[in-house]
Every structure is written in structure tokens, then in C-alpha cells.
**Student:** 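Got a structure here, written out as C-alpha cells. Questions coming.
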Amino acid sequence: MRLLDWFEPHGRHDLPWQHPRSAYRVWLSEIMLQQTQVQTVIAYFERFTAALPDLPSLAAASHDEVMALWSGLGYYARARNLHAAAKLCMERHGGALPTDFDALLALPGIGRSTAGAILAQAHGLAFAILDGNVKRVLARWRGIDGWPAASAVERELWQFAESLLPNDRLPDYTQALMDLGATVCTRTRPACPRCPLRQDCVARREGRVEQLPTRKPAKILPRRECAMLLAFDESGRVLLQKRGGPGVWNGLWSLPEAPDAYSLAAFIQRHLRTRGAAHVLPAFEHVFSHYRLTITPHRHSAAQARLRVADNNGPELRWAAPAEWPDIGLPAPVRQLLQSQCAHQSTSSEETP
DNA sequence: AAGCCGGGGTG
DNA sequence: CACCCAGGCTT
């Protein structure tokens with residue numbers, strides 16, 4: 001098989017848990033490698049196995065010693081589960097990890113993928129694994145769309161993974177699949193020309209390598225709307241308002257803003273003399289980390305300040321000529337809007353109110 | 001199905 | 001900063 005042929009010269013053969021490849025060491029490595037990269041794990045693995053070389057010694061160790069050996073790896077529930085599982089193996093399985101899939105799955109910290117990895121790597125049994133690397137390889141190879149954590153997609157990936165299992169050399173096959181994901185079929189900039197699966201890789205054929213696996217759907221952000229005033233005076237200056245309050249734009253100069261067109265009209269009436277009605281421009285969206293803001297710009301040309309702009313009680317207002325805009329601290333979407341307006345005004349004829 | 005655990009790397 | 005990484009457990 002192509003994967004095994006690739007593995008001989010290009011796979012990783014020198015990882016510490018491969019020598020010797022005992023069930024205990026495979027198990028420990030699998031737990032350490034959950035959500036943690038190989039580079040990080042190696043030193044911890046060597047320290048841990050030096051102190052606790054086999055399952056009985058782990059079971060006999062104190063909680064404090066186990067946690068100390070784990071310290072720095074994170075996800076400390078993994079260490080607690082590991083220790084508890086070792087003790088359970090002393091009670092239930094004669095001091096060794098079981099070779100039965102369901103018995104493995106019943107141990108704390110061992111899920112479907114880790115159980116499969118232990119059986120395949122330590123015992124050569126035909127069980128599939130499905131970790132992040134393998135999900136990526138399989139999703140690309142077969143062109144599987146959808147977020148891999150979604151249950152339907154995950155089912156499809158497991159099914160594909162199991163359909164691929166060879167009859168022998170399960171330890172090498174399993175390692176080959178992970179190595180391919182880690183070194184060739186990487187998340188960014190995969191080395192497709194070096195991939196043993198490139199001939200029938202669906203993602204490669206369809207040019208979707210970078211798109212697969214489908215990314216986790218972005219969290220749905222709450223939506224907010226506002227109206228912004230683009231008021232220009234006769235000389236082409238725009239009215240700005242200094243933002244106060246707790247918002248993200250506090251302290252920045254921005255366009256006068258109101259929750260809706262009605263409130264904005266009230267603002268205009270209070271602070272400006274304008275000729276004609278507002279010209280409502282197409283709304284656009286700006287995404288913050290915590291919400292989406294839909295901005296509807298309202299443009300007024302030939303506006304004049306009704307009051308002194310430096311009124312003590314009212315909002316802090318000023319007129320700003322286009323030449324000044326680059327030096328004023330403006331929120332990015334406001335700057336963008338002003339620039340598009342500037343370009344628009346210079347290329348189009350006089351607006352009709 | 002979504003949140004959580006946690007430290008580290010990456011664009 | 002968002003997202004991801006040799007996942008699994010809890011709600």
C-alpha cells in the first residue's frame with residue numbers, strides 16, 4: 001500500500017514511544033498527545049517513563065508525583081484519568097491494559113480513537129484512529145465537506161477510516177497516517193507534491209486542499225445596527241464627534257452615530273442646518289470580536305453647524321477637512337467609509353437632493 | 001451539540 | 001487575536 005511504502009523512508013521511526021512500543025508507553029503517549037504537539041510531549045514522556053516505567057509503578061505512585069510529572073502539560077484531567085485508569089487495570093485486568101476494545105473504552109480518559117490507537121499500535125489489531133491529523137488527511141483525500149466535529153461528518157470519517165484498514169502492519173499503518181498528517185498533509189501549506197496519495201486526492205483534484213477540512217463555524221455574533229451621519233459643509237469638511245462612554249471606540253473621533261434614522265434626524269435638527277433631505281447610502285457591516293455592527297450612512301451636503309461646535313454641554317464636535325483625516329484617530333470602518341465617499345464625490349457629478 | 005480543559009504555535 | 005493541536009468528559 002502507498003502509505004506503507006511512503007512510511008519506510010519518510011515516516012517517523014524514532015519517537016520515544018516507539019522504542020519499545022509497549023501498550024503502556026503507547027497509552028501514555030496517546031494521552032499526552034491529546035491536544036498537545038509531539039515536540040512538546042517528547043521531553044515529558046521521557047521524564048515520566050523514567051520515573052514510572054510501567055503500569056504497576058504508575059498505579060502505585062502518589063497522586064502528587066503523577067501530577068508533578070504532568071506539570072506544564074496542561075489538561076490535568078488527563079493525568080488524573082491516567083492514574084485512575086492504571087489503578088483500575090490493577091484491579092480489573094491483572095496489572096496490564098486490556099486488549100479488548102470495550103474494556104479499554106471503559107477506562108477513564110480513553111475514548112474511541114485512543115483505544116483504537118493502543119490496539120493498533122501496541123497489538124497490531126485492525127482498529128482505526130481518528131485524531132486531528134487523520135481527520136485532515138481523510139477529509140482531503142476523500143473530499144469530505146463539513147466541520148469534522150459535526151456528528152454526521154464524524155460518522156463519515158470513521159467509516160472511511162475503518163474501510164481503509166489493512167490486514168497487517170497495523171502499527172506502521174497507524175503511524176504512517178498520523179505522520180502523513182503531521183509532516184505532509186499539514187493544516188497550512190501542505191506538501192502535496194510529496195504526498196503518496198496525491199493521485200486520487202479529491203481535495204487536490206478539485207483545488208480545495210486549503211479549504212478542507214471545513215473550519216469550525218464561527219460563533220454567531222449578536223447583531224447591532226446604527227445610523228451614521230456623513231455631514232459635509234460647503235468646503236467639503238465632514239462633521240466628526242468624539243466618542244465617549246465605555247465602548248470600543250472610546251476616545252476616537254468618529255462620525256456622529258445614532259441607534260436609528262429617527263434618532264439621527266433629531267441629532268441633525270439639534271446641531272445642524274441642512275438643505276434638503278438625507279441621502280441614505282447602502283448599509284455595510286463591520287465585525288467586532290463580540291458583535292456585528294450594521295452601519296447605515298446618512299449623507300448631508302451643504303450643512304452648517306447650528307451651534308458652536310465646542311458647546312460645553314453637547315457632544316464634542318468638529319469639522320475635519322479630507323487632508324486632516326489621515327492624522328485623526330478614526331475607527332477603521334469610518335475611515336473606509338470616508339475614503340469611499342471621497343472617491344465617490346470626486347468621480348461623480350453633483351448629487352441631486 | 002456545545003462548553004470545558006490549558007499551554008503552545010501559527011497566520 | 002482566532003484558530004488549531006495524536007480528545008475526552010460533562011452538561
Side-chain angles (χ1 to χ4, degrees), chain A residues 7 11-12 15-18 21 23 25-45 48 67 69-85 88 101-102 104-122 127-140 146-155 157-158 161 170-190 210-221 248 286-292 332:
Chain A
F7 178 70
R12 293 181 292 193
L15 296 169
W17 40 93
Q18 296 175 312
R21 193 148 54 179
R25 291 164 64 86
V26 169
W27 171 42
L28 176 61
S29 74
E30 286 298 324
I31 302 300
M32 284 188 166
L33 286 161
Q34 287 170 7
Q35 302 298 285
T36 310
Q37 297 186 347
V38 171
Q39 194 77 11
T40 307
V41 162
I42 289 177
Y44 284 90
F45 180 87
F48 198 102
M67 297 314 285
L69 289 167
W70 205 270
S71 174
L73 264 183
Y75 280 100
Y76 295 95
R78 294 185 296 174
R80 288 192 293 275
N81 286 334
L82 185 81
H83 197 199
L88 283 171
F101 180 81
D102 291 322
L104 276 174
L105 207 57
L107 293 170
I110 297 182
R112 182 173 177 182
S113 185
T114 299
I118 293 168
L119 293 175
Q121 300 223 60
F127 285 86
I129 60 165
L130 196 60
D131 57 36
N133 277 331
V134 176
K135 282 177 180 172
R136 185 172 56 250
V137 171
L138 300 188
R140 286 174 176 168
W147 182 40
S151 57
V153 179
E154 192 167 33
R155 257 199 312 281
L157 288 166
W158 273 113
L170 262 298
D172 285 349
Y173 169 78
T174 304
Q175 189 63 46
L177 208 47
M178 291 191 288
D179 286 357
L180 189 70
T183 65
V184 173
C185 194
T186 48
R187 184 166 66 89
T188 57
R189 284 194 283 281
E210 298 278 4
Q211 271 63 254
L212 294 179
T214 308
R215 310 177 83 184
K216 171 179 165 174
K219 196 166 67 173
I220 296 177
L221 300 174
V248 287
H286 182 71
V287 182
F288 294 95
S289 58
H290 49 307
Y291 64 91
R292 296 171 179 274

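Convention: sequence-line order gives letters A, B, ...; per-chain numbering from 1.
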**Student:** Is A:T183 reaching over with its side chain to a backbone N or O of A:D179, donor-acceptor style, under 3.5 angstrom?
**Tutor:** yes

**Student:** Side chain of A:S151 only, please: which of C:dG7, B:dA1, C:dA6 is the nearest?
**Tutor:** B:dA1

**Student:** Taking only the side-chain heavy atoms of A:W17 (C-beta and beyond), determine which of C:dG7, C:dC4, C:dA6 contains the nearest atom.
**Tutor:** C:dA6

**Student:** Could you state the atom-to-atom distance from CH2 of A:W70 to P of B:dG7 in whole Å?
**Tutor:** 14 Å

**Student:** Between C:dG7, C:dC5, C:dA6, which nucleotide has the shortest distance from any of its atoms to the side chain of A:R187?
**Tutor:** C:dC5

**Student:** If only atom types and distance count, is the side chain of A:T174 paired as donor or acceptor with the main-chain N or O of A:L170 below 3.5 Å?
**Tutor:** yes

**Student:** Quantified in whole Å, what is the P atom distance between nucleotide B:dG8 and nucleotide C:dG8?
**Tutor:** 23 Å

**Student:** Round to the nearest Å and state the distance from A:F45 atom CZ to C:dA6 atom P.
**Tutor:** 17 Å

**Student:** Among C:dC9, C:dA6, B:dG7, find the nucleotide with the atom closest to the side chain of A:N81.
**Tutor:** C:dC9

**Student:** Take atom CG of A:N133 and atom C1' of B:dG9, then tell me their distance rounded to the nearest Å.
**Tutor:** 14 Å

**Student:** Using the P atom on both, measure C:dC3 against B:dC4 and round to a whole Å.
**Tutor:** 15 Å

**Student:** Of the nucleotides C:dA6, B:dG7, B:dA2, which one has an atom closest to the side chain of A:L15?
**Tutor:** C:dA6

**Student:** Between A:L73 and A:A150, who's closer to the 5' end of DNA chain B by nearest nucleotide?
**Tutor:** A:A150

**Student:** Among the candidates C:dG8, B:dG11, B:dC5, find the nucleotide nearest to the side-chain atoms of A:T114.
**Tutor:** C:dG8

**Student:** Could you say whether A:K216 or A:A115 is positioned toward the 5' end of DNA chain C, judged by the nucleotide with the nearest heavy atom to each?
**Tutor:** A:K216

**Student:** Output the rounded distance in Å from OH (A:Y75) to C1' (B:dG8).
**Tutor:** 11 Å

**Student:** Over all strands shown, is A:I129 touching base, sugar-phosphate only, or nothing at heavy-atom distances under 4.0 angstrom?
**Tutor:** nothing

**Student:** With the side chain of A:R215 defined as its heavy atoms from C-beta on, choose the nearest nucleotide among C:dC4, C:dA6, C:dG7.
**Tutor:** C:dC4

**Student:** Could you tell me how far C:dC4 sits from B:dG3 if I compare only their P atoms? Round to whole Å.
**Tutor:** 14 Å

**Student:** Could you check how far CH2 of A:W158 sits from P of C:dG7, rounded to whole Å?
**Tutor:** 11 Å

**Student:** Are OP1 or OP2 of B:dG9 and a side-chain N or O of A:Q37 less than 4.0 angstrom apart?
**Tutor:** no

**Student:** A:T188 or A:W147: which one's nearest nucleotide on DNA chain B is closer to the 5' end?
**Tutor:** A:W147

**Student:** Answer yes or no on whether A:R112 is positioned over the face of A:W158, meaning its NZ or CZ is under 6.0 Å from the six-membered ring centre and within 45° of the axis.
**Tutor:** yes

**Student:** B:dG7 base to A:T40 side chain: any donor-acceptor pair below 3.5 Å?
**Tutor:** no

**Student:** State which of C:dA6, B:dG11, C:dG7 makes the closest approach to the side chain of A:R189.
**Tutor:** B:dG11

**Student:** Rounded to the nearest angstrom, tell me the gap between atom CD in A:E154 and atom C1' in C:dG7.
**Tutor:** 10 Å

**Student:** In whole Å, what is the span from the CD atom of A:E30 to the P atom of C:dA6?
**Tutor:** 11 Å

**Student:** Counting side-chain heavy atoms from CB outward, which of C:dG7, C:dC9, C:dA6 is closest to A:R136?
**Tutor:** C:dA6

**Student:** Ignoring hydrogens and geometry, is there a side-chain-to-backbone donor-acceptor pair from A:R21 to A:V26 under 3.5 Å?
**Tutor:** no

**Student:** What's A:G72 touching, base or sugar-phosphate or nothing? Going by heavy atoms closer than 4.0 Å.
**Tutor:** sugar-phosphate

**Student:** Within less than 4.0 Å of OP1 or OP2 of B:dG6, is there a side-chain N or O belonging to A:R78?
**Tutor:** no

**Student:** Please work out if A:Q121 contacts a base, only the sugar-phosphate, or nothing of the nucleic acid, heavy-atom cut-off 4.0 Å.
**Tutor:** nothing

**Student:** Is a side-chain donor or acceptor of A:Q18 paired with a backbone partner of A:R12 at a separation under 3.5 angstrom?
**Tutor:** yes

**Student:** Rounded to the nearest angstrom, tell me the gap between atom OH in A:Y76 and atom C1' in B:dG7.
**Tutor:** 8 Å

**Student:** Does one side chain, of A:N81 or A:R78, offer a donor that lies under 3.5 Å from an acceptor on the other?
**Tutor:** no

**Student:** Within the structure provided, determine whether A:T40 and A:F45 are in side-chain contact (heavy-atom separation under 4.5 Å).
**Tutor:** no

